[in-house]
Amino acid sequence: MQKEDNLKDIISHAKEYGFVFPSSEIYDGLSATYDYGQLGVELKNNIKSYWWKSMVQMNENIVGLDSAIFMHPKTWKASGHVDAFNDPLIDNKDSKKRYRADVLLEEYIEKIRAKIDKDVNKGIKRFGDDFDKNQFLATNPNVLRNMAKIEDVEERMKDTLGKDDLEGVYNLIIDLEIVCPVSGTKNWTEVRQFNLMFSTELGSVSGDAATIYLRPETAQGIFVNFLNVQKTGRMKIPFGIAQIGKAFRNEIVARQFIFRMREFEQMEMQFFVRPGEEMKWYEHWKNQRIAWHSKLGLGEENYRFHDHIKLAHYANAAADIEFNFPMGFKELEGVHSRTDFDLKQHEEHSGKKLQFFDPEMNQNYVPYVVETSIGLDRMFLAVLSSSFKTEKLENDSERVVLSLPAALAPFKVAVMPLTKKDGHPEKAREIMNALRLEHNCAYDEKDSPGKRYRRQDAIGTPYCVMVDHQTMEDNTVTIRDRDTMEQDRVSIDELASIIESKVSMTNLLR
RNA sequence: GCGGGCGUAGCUCAGGGGUAGAGCAUCACCUUGCCAAGGUGGGGGUCGUGAGUUCGAAUCUCAUCGCCCGCUCCA
């Protein structure tokens, strides 16, 4: 309860201060689509920068890539997205539950299979050692009838699903008298097609336009460039390719603020390794990634690993790094051992060899892949939600503060004159002009100093520099800390180096 | 798609048939000067949209649109 209210407060705060706006708001918005505002884009860029530097700059065997969102349609055939994520859905009107129509049919077949097994077991009991299973399967009338039924259903499934004949799928469900496991009724809606991928058309001449998809993950752009990068960069296994980019998924339900959107941004790194060594690297990257998170200081207790038991079609090991969001622990990042599935698929579909000659082993092989994949928008929400605090102060007043990691804050420092006269504003401008060469700075001379401090607290600015009467005499200013609210008096000459030491991303990368 | 909630100023909300309100924010001026909340004045809303009832609708009815929450899917 309290946590959900918290999410509402965060959404309001994000909008009020220009971090995140509902998309197309003047037209009443577009479901689950958001725009990053003037402060949001800064925070987002800083997160990207931290990730990119820690991957590409800090690892000499990892290089970057920026591949196109449009890709050849065969890409998605090879990756399995075309076949695996075209789901026909059907609703039961009584239980209000939604099912995948093909799963309902498969479950039906499973039930018949179970019947056959039951008959076989009966046979074993009756005939003992003399029981000939093959003969039994070939002759028992019950079994034959059920086998024929399975074959018939499978035939019709192939026929209808293969041709996207949704009415045929519906008729099949009705004919087989399949009931909803929850309500037990046959009160079904029509079957509707659900496509995970957004499609559009390439080619300006209508009629000969080809359907292309907006990529549902950035990973495939990396796989199809494996050879390009390996050869032109003279990369030796093990090596990695990192990429930050938008991806699109037509989620049935896209909700919970920026946690699940149809248009989102991923930060992915695919690491190519020697077959057989993938588990070593899988462990390595799990450790690296959690360390990356830890350095931000959002709270160790807010993270946990969740190992996948049911693995995707391409993986032989997978773990999520989950974060304690306002809605509870949810997936923030995935570390997956993708085997050689993707490269092999692309070899098969493209007819090109996607292999690496390993001089040490003196042989060619298709590398195995270990992937780290983090949702940038989710990371943004993790940082924002764990930084958002309402504090009760001693004098009974309240303070809303974003205790963002200093290196990620949109503004690193706010410069302000104590008064609007006596040369204070001029001096403050002068200081700011020097600092802005290195840092994003804010300037504020409106309202009382206390009010200005609070404003900066609300947007997470870690430091405020105040020009006062003493500044005019001895060239010193006060620097005020967002988290402790304490002030130090320092010389203007050392200001740049003091701030640099406190807000630099170097602190995170070390 | 189903169920529930909600649409009034930039934000948070009040008002429930009789000419649109408050606090905060914003802008200008005066005052003040180190941790929100001094003064005066100003700008800003056809109360989501459309229809109906009524002399009169933000308010009642119906429809519609949008957002939020839950369920089904999720590499």
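The sequence lines fix the lettering, A, B, ..., with proteins before strands; numbering per chain opens at 1. What you see is a predicted model, and the numbers here were worked out from it, not measured in a lab.
- Scanning residues 214-222 of chain A for heavy-atom distances under 4.0 Å to RNA chain B yields A/P216, A/E217.
- Side-chain nitrogen and oxygen atoms of A/K451 include at least one within less than 4.0 Å of the OP1 or OP2 phosphate oxygen of B/A25.
- A/R260 contributes a side-chain N or O that forms a donor-acceptor pair with the base of B/C74 under 3.5 Å.
- The same atom, P, is picked in B/G42 and in B/G21; the two are 14 Å apart, to the nearest Å.
- Across the strands present, B/A14 finds no partner; the criterion is a Watson-Crick or G-U wobble pair with both atom distances under 3.5 angstrom.
- Atom name P, nucleotides B/U49 and B/C69: the rounded distance is 24 Å, in whole Å.
- A 3.5 Å limit on both hydrogen-bonding distances identifies B/C71 as the Watson-Crick or G-U partner of B/G1.
- Under the side chain to side chain contact (heavy atoms under 4.5 Å, CB included) criterion, A/D307 pairs with A/Y282, A/K286, A/A319, sequence neighbours left out.
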Dump the pairs, protein N or O against N or O of nucleotides 10-12 of chain B, anything under 3.5 Å, distances to one decimal.
| unit_1 | atom_1 | unit_2 | atom_2 | d |
| --- | --- | --- | --- | --- |
| B/C11 | OP1 | A/K15 | NZ | 2.6 |

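- When the side-chain nitrogen and oxygen atoms of A/Q456 are compared with OP1 and OP2 of B/C35, none of them lie within a distance under 4.0 Å.
- Looking at heavy-atom distances under 4.0 Å, A/D457 makes no contact with the nucleic acid at all.
- With a cut-off of 3.5 Å on both pairing distances, the Watson-Crick or G-U wobble partner of B/C60 is B/G52.
- Between A/R455 and B/U26 there is a side-chain N or O to OP1 or OP2 distance below 4.0 Å.
- If you check distances only, the side chain of A/R480 does reach the base of B/C35 with a donor-acceptor pair under 3.5 Å.
- Between A/E265 and A/K246, no side-chain nitrogen of the basic residue sits less than 4.0 Å from a carboxylate oxygen of the acidic one, so the salt-bridge criterion is not met.
- Comparing the same atom, P, in B/G50 and in B/C65 gives a spacing of 15 Å after rounding to whole Å.
- Taking the six-membered ring where the residue is Trp, A/F257 and A/Y34 present perpendicular rings, their angle passing 60° and hence far from 30°.
- Separating the C1' atom of B/G43 from that of B/U26 is a span of 9 Å, rounded to the nearest Å.
- Under the 4.0 Å criterion applied to side-chain N and carboxylate O atoms, A/R249 and A/E263 are not assigned as salt-bridge partners.
- Atom P of B/C6 sits at a distance of 16 Å from the matching atom of B/U59, rounded to the whole Å.
- Judged as a side-chain hydrogen bond (donor to acceptor under 3.5 Å, both in side chains), and not counting sequence neighbours, the contacts of A/E278 are A/N316.
- One C1' atom belongs to B/A36, the other to B/U46, and the distance between them is 36 Å to the nearest Å.
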What's touching nucleotides 27-31 of chain B from the protein side, N or O pairs under 3.5 Å?
none

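- Comparing A/Q487 and A/E331, the nucleotide of RNA chain B nearest to each residue sits closer to the 5' end for A/Q487.
- Applying the ring pair (Phe, Tyr, Trp, His ring centres under 6.0 Å) test to pairs two or more places apart or on separate chains, those with a residue in residues 372-394 of chain A are A/H13-A/F388, A/Y36-A/F380.
- Listed by chain and residue number, A/D493, A/E494 satisfy the side chain to side chain contact (heavy atoms under 4.5 Å, CB included) test with A/S491 (two or more places apart in sequence, or in another chain).
- Electrostatic pairing of A/E347 and A/K344 does not count as a salt bridge here, judged by no charged N lying under 4.0 Å from a carboxylate O.
- Checked against side chain to side chain contact (heavy atoms under 4.5 Å, CB included), A/K392 has the following partners two or more places apart in sequence or in another chain: A/D396, A/E398.
- In this entry B/C47 has no Watson-Crick or G-U wobble partner, no candidate having both defining distances under 3.5 Å.
- When the C1' atom is compared between B/A57 and B/G52, the two are found 11 Å apart, to the nearest whole Å.
- With distances taken from any side-chain atom of A/D447 to the nucleotides B/C34, B/U26, B/C74, the minimum falls on B/U26.
- Across the strands present, B/U19 finds no partner; the criterion is a Watson-Crick or G-U wobble pair with both atom distances under 3.5 angstrom.
- B/G16 shows a glycosidic angle within 90° of 0 and is accordingly assigned syn.
- Ring-plane geometry between A/Y303 and A/F323 is classed as perpendicular, the angle between the planes exceeding 60 degrees on a 0 to 90 degree scale with a lower cut at 30.
- Partners of A/S403 by side chain to side chain contact (heavy atoms under 4.5 Å, CB included), not counting sequence neighbours, listed by chain and number: A/S387, A/K389, A/R482, A/D483.
- A search for side-chain hydrogen bond (donor to acceptor under 3.5 Å, both in side chains) contacts involving A/D320 returns A/H308, not counting sequence neighbours.
- For A/F259, the ring pair (Phe, Tyr, Trp, His ring centres under 6.0 Å) partners two or more places apart in sequence, or in a different chain, are A/F325.
- As rounded to the nearest Å, B/C62 and B/G5 have P atoms that lie 14 Å from one another.
- Pairs engaging residues 472-496 of chain A under the ring pair (Phe, Tyr, Trp, His ring centres under 6.0 Å) rule: none recorded [sequence neighbours left out].
- Taking atom CG on A/L418 and atom P on B/G33, their separation rounds to 9 Å, with Å as the unit.
- Comparing A/P449 and A/Y34 along RNA chain B, the residue whose closest nucleotide (by nearest heavy atom) sits nearer the 5' end is A/P449.
- The partner of B/C29 is B/G39, by the rule that a Watson-Crick or G-U pair needs both atom distances under 3.5 Å.
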